[in-house]
Amino acid sequence: MFQPRRPFRLLLLAASAILSLPSLARPAAPVAQGPDWLGAQEAREDLHQLWTDLEATHPDPFLRSGGMVEFRKRFAEAQAAIPAGGIDRRAFDRLLRPLLAQVGDGHTTLDEEATKTDAQVLVDLTPVEERLVVTGVYDPAQLSLIGATVQAIEGVPVATLTERMGARVGYENVYTNLDHLVEAAASTDRLAELLDRPALTGPVTFQVLLPGGDAAIFQAPLRSGARTGRLTPPSRLHLPPVDGSGMAAGFLDEAGQVGYFRLDSSMRYREAFEVWHLTGMDRGDWLDRVVEDVTGKKPSGREAQKLAQVPSVSERLMILITEMKARRTPVLIVDLRENPGGQSVFADILEYFLYPLDSTMAVDHGYQVSRFSPLYFQSHSADTIEKVRTRTTADFQMGDLDFTGLDQWRHLRAVPPSPAERQRLSQEFLDQMRGVPTFAKILDQGGWNAAWTPRVVVLTSARTYSAAFDAVLQLRAHGAAVVGVPSSQAANCFIDVVGFRLAHSRLTGTISFKWSVGLPQDPQNGTLLRPDRELSYADDRAFKFDPNATILLAIDFLSKPHPAAPGGLALLRP
């Protein structure tokens, strides 16, 4: 079993394990009303499965739900709410969502696609300074609405909608909830639920405040199918192009003073697939879908041939760092604004290229506590309870929590690692990373660790989440600055998920199996990490709502005096 120094963040799908817990079944006459209809007994059995999966898998489902009594009381109330004649699958989905939301964990939720039949609401919103700002429209006549702040949707105030959103999907901080609301507002199904309506069939009315302060009302049209034709203000910057994997690398200026690396997805680069294979995870047809997006052609051949067509973070960074070193580029901007997470090995690779391995072993990366359950082992076919016992204790039992990471963190804080200990940890990390074939080639070449160490600025938005936030914390631990809108991911949170599928309704979702403390000595930032330079609404307006306002803000931030460059850097001025 591959055990990374800071375990990679995983996004998994798996079947549920059914454990025997009492008291949910009671007789009811079955009602046959189509494939999306559940009999009362079937609904109660699915409810029972969800309850047992949560309690058997999550490290602490009671922490934010008011304790065990409150947690179970809500399940009992949901059971009582199931009609004797049965329930429609979509209504059952809505009944279950608050039960998961009470855990207060953005990684523990039902999949939206399970009941999705909706159209797109054609307006793009982005959280800035805890408000929803219009950042994209699809009708040229509505371009003047860019920069408007949303006050209400269909007459329902945003404050009411955010409250309803939080009761529907778990969240870690205000930006998690706002980001969930942005996603819901783009979907007629999800928005109709928040508005307490059976459906939305016509244009959606938004009440907004324009940048100048005037109130306005507009209607966002609906469209089925792809969300294309987005209109935004022109940008002052010309960024390196993003490929089909969501990756880009290059420079923001002709002189090569500002390097740029962007990753819009942690689910679409080659090394992610290599780690999933290593840990025994079945990704279904995801590789084929990514290859088709990258090449524009239907994939063919063996898996190795397909994988070779997926862009590699290691290879892209090798090219970028080589050119940065040749140009003596003083700054690297790492753009994670559009990255909602996935597989976090890219963060370790990036860290390896930028910082000496010895120092990486010495910085505080916090600790993690994992729980090993039947669902975990169904998802991680390369792991077994016997292997876990070799890493922990001989009497480790199914469902126990693994505190070895916490113990090691405490030891390293009490007794800073000696040079010999850092060397041992470095070698352990290298041995682990050799399990990732594409990166192993970089290791075999030698000479790439800390090949060039510029001043690093990492960009975030509310969309920056999960594995993407791992990279933020890792770079920040080495002194990188954070610029942008706060991430919706908390540093101290429940992470890493296993999937479940309810037997009768076929609803699917994920449950966290790990408690992660990325900032153990900074609880305030552990809930909401404030950037070193936060993008405010005033900043956004000053940059004329440029789609790359955060990059412009970063350039302005970099132009100010800094210990590494007391006179500031002569960069592109916004």
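Scope of the values below: all heavy atoms of this structure, side chains included, with no hydrogens, waters or symmetry mates.
For the residue pair D556/S559, the side-chain donor-acceptor check at 3.5 Å is not satisfied. For T404 and D407, the side-chain atoms include no donor-acceptor pair closer than 3.5 Å. W409 and D364 are linked by a side-chain donor-acceptor pair at a separation below 3.5 angstrom, with hydrogens and angles left out of the test. In the model, S235 has a side-chain atom that pairs as donor or acceptor with a side-chain atom of D546 under 3.5 Å.
Under 4.0 Å is where a charged nitrogen must lie from a carboxylate oxygen, and between D243 and R262 no such pair does. Looking at R337 and D264, no side-chain N of the basic residue comes within less than 4.0 Å of a carboxylate O on the acidic one, giving no salt bridge. Look at R230 and D124 and you find a salt bridge, because one of the NZ, NE, NH1 or NH2 atoms lies within 4.0 Å of a carboxylate O, short of that distance. Between D402 and R391 there is no salt bridge, since none of the side-chain N atoms of the basic residue sits less than 4.0 Å from a carboxylate O of the acidic one. Comment: R270 engages E315 in a salt bridge, judged by a side-chain N to carboxylate O separation of less than 4.0 angstrom. Of the charged side-chain nitrogens involved, at least one lies within less than 4.0 Å of a carboxylate oxygen, so that E112 and R168 count as a salt-bridged pair. The pair D288-K306 meets the salt-bridge criterion, since a charged nitrogen lies less than 4.0 angstrom from a carboxylate oxygen.
Ring-centre distance between F439 and Y352: below the 6.0 Å cut-off. Under the 6.0 Å cut-off for aromatic ring centres, F372 and Y376 qualify, their centroids lying closer than that. Centroid-to-centroid, the aromatic rings of H478 and Y355 come within less than 6.0 Å. Here the two rings, on Y171 and H180, have centers that are 6.0 Å apart or farther. Between H58 and F71, the gap from one ring centroid to the other reaches at least 6.0 Å.
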**Message:** The test is salt bridge (charged side-chain N to carboxylate O under 4.0 Å, His left out); show your working for E421 and R424 and say whether it passes.
**Reply:** CA-CA 5 Å; E421 177 69 2; R424 184 190 68 78; 2.8 Å; yes
**Request:** Give the C-alpha distance, both sets of side-chain angles, the deciding distance and a yes or no for salt bridge (charged side-chain N to carboxylate O under 4.0 Å, His left out) between D293 and R268.
**Result:** CA-CA 10 Å; D293 288 344; R268 305 174 68 87; 2.5 Å; yes
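Between atom CD1 of residue I551 and atom CG of residue L558 there is a gap of 11.5 Å, rounded to the nearest 0.5 Å.
Environment of CD in E303: sparse, with no more than 12 heavy atoms of neighbouring residues, nucleotides or ligands closer than 6.0 Å. Around atom CD of Q524, no more than 12 heavy atoms belonging to other residues, nucleotides or ligands sit under 6.0 Å away. For R413, the CZ atom sits in a packed shell: over 12 heavy atoms of surrounding residues, nucleotides or ligands are nearer than 6.0 Å.
In this structure a side-chain-to-backbone donor-acceptor pair under 3.5 Å is present from T279 to W276. Checked by atom type and distance alone, the side chain of W515 never pairs as donor or acceptor with a backbone atom of D60 at under 3.5 Å. Remark: side-chain polar atoms of N339 are not paired, donor with acceptor, to backbone N or O of T464 under 3.5 angstrom. Counting only distance, with no hydrogens or angles, the side chain of W452 and the backbone of P330 share no donor-acceptor pair below 3.5 Å.
You'll find the side chain of L430 reaches within 4.5 Å of the side chain of L357, heavy atoms only. Looking at M267 and F273, their side chains never come closer than 4.5 Å, going by heavy atoms from C-beta outward.
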